[in-house]
Amino acid sequence: MRKTNIIIFFIAVIVFAGTFLISLISFPSGNSSRSADDNKFHPLTMSSHSTFKVPDSGIHTLMGKTEKQIRSTLGKPERIDPTKFGYRWFIYGSATEKYLQVGIDESTNRVTTIYALGKKLKTNPFTIGAESQKIYEKVPISDEVSMNYRGTKIDFELNEEDMMIRPLMKFGKIWAQLNFDHLSDRLIGVRYMTSDVLAVQHPYSMTYQGELPEAQSLSDAEWTAVNQAEDQEIFDISNVLRMRFTKKMLTWNKDAHEAAYQHSKEMKVKDYFSHDSKWSGDLKARLEREKINFQTAGENIAAKYPDAIAVSLGWLNSVDHRKNLLNEEFTELGVGSYQNYYTQDFVKPMIP
């Protein structure tokens with residue numbers, strides 16, 4: 001019995017250590033896929049909530065609407081951001097608790113995804129800012145979710161981190177991913193997606209039988225546009241989160257952006273992942289190269305997240321990255337994205 005207990009103890013230590021290291025390097029926990037030819041499928045085990053019903057009103061009712069209808073309902077967007085997934089983000093409510101991204105498919109010209117971050121948006125039956133347990137009491141959540149995508153059977157397998165931070169549920173004819181801040185145990189935002197978008201992004205570990213949609217191939221010019229769009233989205237989301245946690249909002253620092261961009265690009269091209277580089281040095285060296293005089297600075301890096309929304313949620317839920325994101329000392333931010341590699345450089349400039 002003593003030997004058994006010792007073995008169990010060491011297994012627990014190893015699992016904890018592995019989990020700790022993964023949280024520090026900021027890779028997404030599950031976007032891998034495996035062909036069903038070599039793997040066993042898991043049955044759908046979504047819990048039953050007989051009282052749950054999709055509300056007749058709310059942000060989710062914009063799904064499927066045309067661009068014309070969106071403009072009529074929400075007005076002219078503040079900007080339109082390209083993506084690598086075949087839809088364009090219409091951005092509304094920057095720097096407010098009405099922040100909203102509406103994704104309109106480029107081929108059908110209809111809404112296929114929505115990201116609702118602002119607390120003042122109608123996301124019923126979910127309440128942004130509510131405790132997770134109160135939300136789980138209302139809606140069906142499971143760690144195994146299945147769907148059919150144009151003849152392909154897909155089984156998503158959500159791990160412990162997925163269930164804690166980004167659980168997925170069927171929401172009528174669409175899907176809803178709930179984004180939680182597990183440190184405060186509050187709902188941060190809600191992502192709505194069609195099955196097409198979910199199949200393309202597949203943000204969880206999964207098994208499948210059939211064919212998956214191919215990733216869109218982007219030209220250099222298209223990648224540049226997507227990188228710049230994700231920079232701005234990360235900046236916007238970061239400021240909304242800071243505002244929510246009563247921190248002063250940051251201003252854009254173009255020189256810090258350049259330092260961040262060059263670091264993301266170098267990590268991608270040189271195929272490494274670290275704050276320190278044998279080519280360009282550490283954060284201090286990179287900021288000084290851009291002639292940034294600063295009192296204090298910090299950096300967040302991440303890789304292989306599907307988009308700006310996902311990486312921002314990942315940083316918020318990592319203790320060390322969160323410290324930078326919500327640090328009261330920082331006053332300026334530069335974001336640099338490069339083909340799924342991401343860097344945030346926070347600074348407090350030297351007072352002249």
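If you're wondering where the values come from, they're calculated on a predicted model, not measured in any experiment. Index from 1, following the sequence. Every heavy atom of this structure was used, including side-chain atoms; hydrogens, water molecules and symmetry mates were not.
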Taking every non-hydrogen atom, the tightest pair across Val311 and Ala302: CG2-CB, 3.3 Å
Side-chain ion pair, Arg322 and Asp181, N-O less than 4.0 Å: yes
Test: Glu97 and Arg244 ion pair at under 4.0 Å: yes
Thr113 side chain vs Tyr192 backbone, donor-acceptor pair below 3.5 Å: yes
Any donor-acceptor pair under 3.5 Å from Glu78 side chain to Gly93 backbone: yes
Geometric class of the Trp252/Phe235 ring pair [parallel <30°, tilted 30-60°, perpendicular >60°]: perpendicular
Greater than 12 external heavy atoms within 6.0 Å of Lys98's NZ: no
Verdict with supporting geometry, Met267 and Thr343, side chain to side chain contact (heavy atoms under 4.5 Å, CB included): CA-CA 10 Å; Met267 287 192 293; Thr343 301; 3.8 Å; yes
Ring centres under 6.0 angstrom apart (Trp175, Phe156): no
Donor-acceptor side-chain pairing of Ser318 and Asp320 below 3.5 angstrom: no
Close side-chain approach of Val226 and Gln216, heavy atoms under 4.5 Å: no
Donor-acceptor contact below 3.5 Å, side chain Ser264 vs main chain Tyr338: no
Value rounded to 0.5 Å, distance of CH2 in Trp89 from CD1 in Ile80: 13.5 Å
Flag if over 12 foreign heavy atoms under 6.0 Å of CG, Asp276: yes
Given Gln344, Arg286, His321, the one that forms side-chain hydrogen bond (donor to acceptor under 3.5 Å, both in side chains) with Glu299: Arg286
Any side-chain heavy-atom pair of Asp236 and Arg79 under 4.5 Å: yes
For Arg110, salt bridge (charged side-chain N to carboxylate O under 4.0 Å, His left out) partners two or more places apart: none
Pairs touching residues 56-66 that satisfy side chain to side chain donor-acceptor pair (under 3.5 Å), sequence neighbours left out: Thr66-Gln69
Salt-bridge present (Glu131, Arg186; N to O < 4.0 Å): yes
Distance-only polar pair, side chains of Glu266 and Ser277, donor-acceptor under 3.5 Å: yes
Check: Gln339 main-chain N/O paired with Asn227 side-chain donor or acceptor under 3.5 Å: yes
Distance-minimising heavy-atom pair for Pro55 and Pro125: CG-CD, 3.4 Å
Heavy-atom pair of closest approach, residues Ser274 and Ile301: C-CD1, 3.6 Å
Test item: Asp255 side-chain N/O and Lys291 main-chain N/O as donor-acceptor pair under 3.5 Å: no
Leu62 side chain reached by Leu74 side chain, heavy atoms, under 4.5 Å: yes
Residues Leu198, Leu168; criterion side chain to side chain contact (heavy atoms under 4.5 Å, CB included); working and verdict: CA-CA 10 Å; Leu198 187 56; Leu168 178 72; 3.8 Å; yes
Exam field: side chain Lys348 to backbone Met350, donor-acceptor pair closer than 3.5 Å: no
Distance-only side-chain donor-acceptor flag, Asn179 / Gln177, under 3.5 Å: yes
Side-chain donor-acceptor contact under 3.5 Å, Asp155 with Ser146: yes
Salt bridge Arg71-Glu67, side-chain N to carboxylate O under 4.0 Å: yes
Whether Ser238 side chain and Ile234 backbone form a donor-acceptor pair below 3.5 Å: yes
Salt bridge (charged side-chain N to carboxylate O under 4.0 Å, His left out) against Lys84, all qualifying residues, sequence neighbours excluded: Glu230
Phe330 six-ring face occupied by Arg242 cation (under 6.0 Å, within 45°): no
